[in-house]
J.: 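Please read through the structure below; I'll follow up with questions.
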2 protein chains.
Amino acid sequence: MSHLGYGCLMTVDREQVLRSAATLLSRRATATMDEVAKAAGIGRATLHRHFAGRDALVRALEELGLREFEAAVESARLHEGDPADALRRLVTASTPATGLLGFLISENQLFEGEHVNEGWDRLDARIAALFRRGQEEGGFRVDLSASWLAEALYGLISAGAWSVHSGRLAANDYQYMTTELLLGGCTRRSVKE
Amino acid sequence: MSHLGYGCLMTVDREQVLRSAATLLSRRATATMDEVAKAAGIGRATLHRHFAGRDALVRALEELGLREFEAAVESARLHEGDPADALRRLVTASTPATGLLGFLISENQLFEGEHVNEGWDRLDARIAALFRRGQEEGGFRVDLSASWLAEALYGLISAGAWSVHSGRLAANDYQYMTTELLLGGCTRRSVKE
DNA sequence: CCCAAATGAGACATGAATGTCTCACCACTG
DNA sequence: CAGTGGTGAGACATTCATGTCTCATTTGGG
């Protein structure tokens, strides 16, 4: 039973499989189960033993990504201290999940009519609230809507994840490049022009 | 012969089909040809008459998106005047193509090993050159690499396209939100802190 | 050393999407 | 008022990914 995850010697690392799957699927969503398996370095049969099917795989991806991002949001304590610092903490804490997030962000219509993960909406609201707080406390510009800033954050995370994976951006630079660009864009200028 | 495109009364608007296909596929890349057809408001048979198959459809998408983006880059005259203004012109000129770009940006591994569109690389280089020029002329910060700024631009275009399509961002605000965030992030501060 | 558990490779059946075709219908043309 | 060209709907065969299974092999534990 590798059911609850870690441990269980000799068994496939479920999370590792999901991470490589996310990386592959985020840039070629039509990839075959066989390709997903190969990308994870396992056999297709084994992949099927862990995930009943493609749907189950994608749902597991959603779940893990959401769980990790939620943990990141939690640990970043968005409501405390300087909003800019809170944003930095968020980017730092979510760094390990960028691969999964890249997938969830770009493919966000995974299951047709389905009530788009309420969990995601909740996190989205908390992040937008951070930007709103920054605006109210005077540090962030108010001419860029909080919800747009949240969307921009997702876009930059996604772009950063891909840049790192494709070798155009050093992994060590990811956090700085992302936070600086976003903060630079949403911080109010001390002086006009 | 609707071969060369526009005109031809009574015939399906090829570009319109491609645009709606891009919008759909960018958020659910596994969508069926039938769904693509319905999204475009035409029958599956008609879709097949215009595009030999799924591959042909995607390639046509690539082609049109690249062509439109190239035209935008061209008309923006990136090497002239203030780099910030050039960037504004680019965002403005590329606005009609955001739907297509959103697809091409997120799904950029469309055909396995294939030489990633050299056309795209060329445009990418020109855009990175714009940011580099901005850095050399002193207007843009140099601690964010030009290639990262280019990637960030793509990410923001993609995020903006989706925000507009999903109703979270007014179409009229798209250009302002995108350019202001990016320019705010890459412009050097007149005063420290 | 032997057993249990998990894996990889492959064969196989199934099903869904694909691609092709026919036919009736409508719009515009001459 | 035919005639032409494009279309939608549906039937159909086919392909290919999927999902299930078996079996040999490897790995780690008792």
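Chain identifiers are assigned alphabetically (A, B, ...) following the order of the sequence lines, protein sequences preceding nucleic acid strands; residue numbering begins at 1 within each chain.
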J.: To the nearest angstrom, how far is B:L57 atom CG from C:dT18 atom P?
T.: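 These atoms are roughly 10 Å apart.
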J.: Rounding to a whole Å, what distance do you find between A:E35:CD and D:dC16:P?
T.: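 Those two atoms, CD and P, are 14 Å apart.
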J.: Taking atom P of C:dA6 as reference, at what distance in whole Å does atom CZ of A:R14 sit?
T.: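 So the CZ-P distance, A:R14 to C:dA6, works out to 14 Å.
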J.: State which of D:dG19, C:dT18, C:dG8 makes the closest approach to the side chain of B:T32.
T.: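 Nearest to the side chain of B:T32 among the choices is C:dT18.
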J.: How would you label the contact of A:R54 with the nucleic acid (heavy atoms, under 4.0 Å): base, sugar-phosphate, or nothing?
T.: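 The residue A:R54 makes sugar-phosphate contact but no base contact.
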J.: May I ask you to verify if any side-chain N or O of B:T46 is less than 4.0 angstrom from the OP1 or OP2 atom of D:dT7?
T.: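 Result: no.
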J.: Quick one: A:H48 NE2 to C:dT14 P, roughly how many Å, whole number?
T.: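 Between P of C:dT14 and NE2 of A:H48: 16 Å.
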J.: Roughly how far apart are B:L78 CG and B:R89 CZ, rounded to 0.5 Å?
T.: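 Answer for the CG-CZ pair, B:L78 versus B:R89, is 7.5 Å.
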J.: For D:dG6, does either OP1 or OP2 sit under 4.0 Å from a side-chain N or O belonging to B:H50?
T.: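 False: B:H50 side-chain N/O out of range (4.0 Å or more) of D:dG6 OP1/OP2.
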J.: Roughly, in whole Å, what's the span from CG in B:D34 to P in D:dG8?
T.: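 Answer to the nearest Å: 12 Å.
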J.: Which one, D:dT22, D:dA9, D:dT18, comes nearest to the side chain of A:R49?
T.: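 When the side chain of A:R49 is considered, D:dT22 is the closest of D:dT22, D:dA9, D:dT18.
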J.: Output the rounded distance in Å from CG (A:L47) to C1' (D:dA17).
T.: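 Between C1' of D:dA17 and CG of A:L47: 13 Å.
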J.: Scan the side chains in residues 149-163 of chain B for donor-acceptor partners under 3.5 Å anywhere in the protein, sequence neighbours excluded, and list what turns up.
T.:
{"from": "B:E151", "atom 1": "OE2", "to": "A:R168", "atom 2": "NE", "distance (Å)": "3.0"}
{"from": "B:E151", "atom 1": "OE2", "to": "A:R168", "atom 2": "NH2", "distance (Å)": "3.4"}
{"from": "B:Y154", "atom 1": "OH", "to": "B:D124", "atom 2": "OD1", "distance (Å)": "2.5"}
{"from": "B:S163", "atom 1": "OG", "to": "B:A159", "atom 2": "O", "distance (Å)": "3.0"}

J.: Please give, in whole Å, the distance from D:dA17 P to A:K38 NZ?
T.: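 Rounding to the nearest Å, NZ of A:K38 and P of D:dA17 are 12 Å apart.
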J.: So, B:E74 and B:R67, do they make that salt bridge, N to O below 4.0 Å?
T.: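 Salt bridge flag = no for B:R67 with B:E74.
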J.: Identify which nucleotide among D:dT7, D:dC21, C:dA11 has an atom closest to any side-chain atom of A:R44, counting heavy atoms from C-beta outward.
T.: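 Selected nucleotide: C:dA11.
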J.: Do you know the tightest heavy-atom contact between A:L104 and A:N108?
T.: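 The pair with the smallest heavy-atom distance is O-CB, 3.6 Å.
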J.: DNA chain D: A:A31 or B:G41, which has the more 5' nearest nucleotide?
T.: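 Of the two residues, B:G41 wins.
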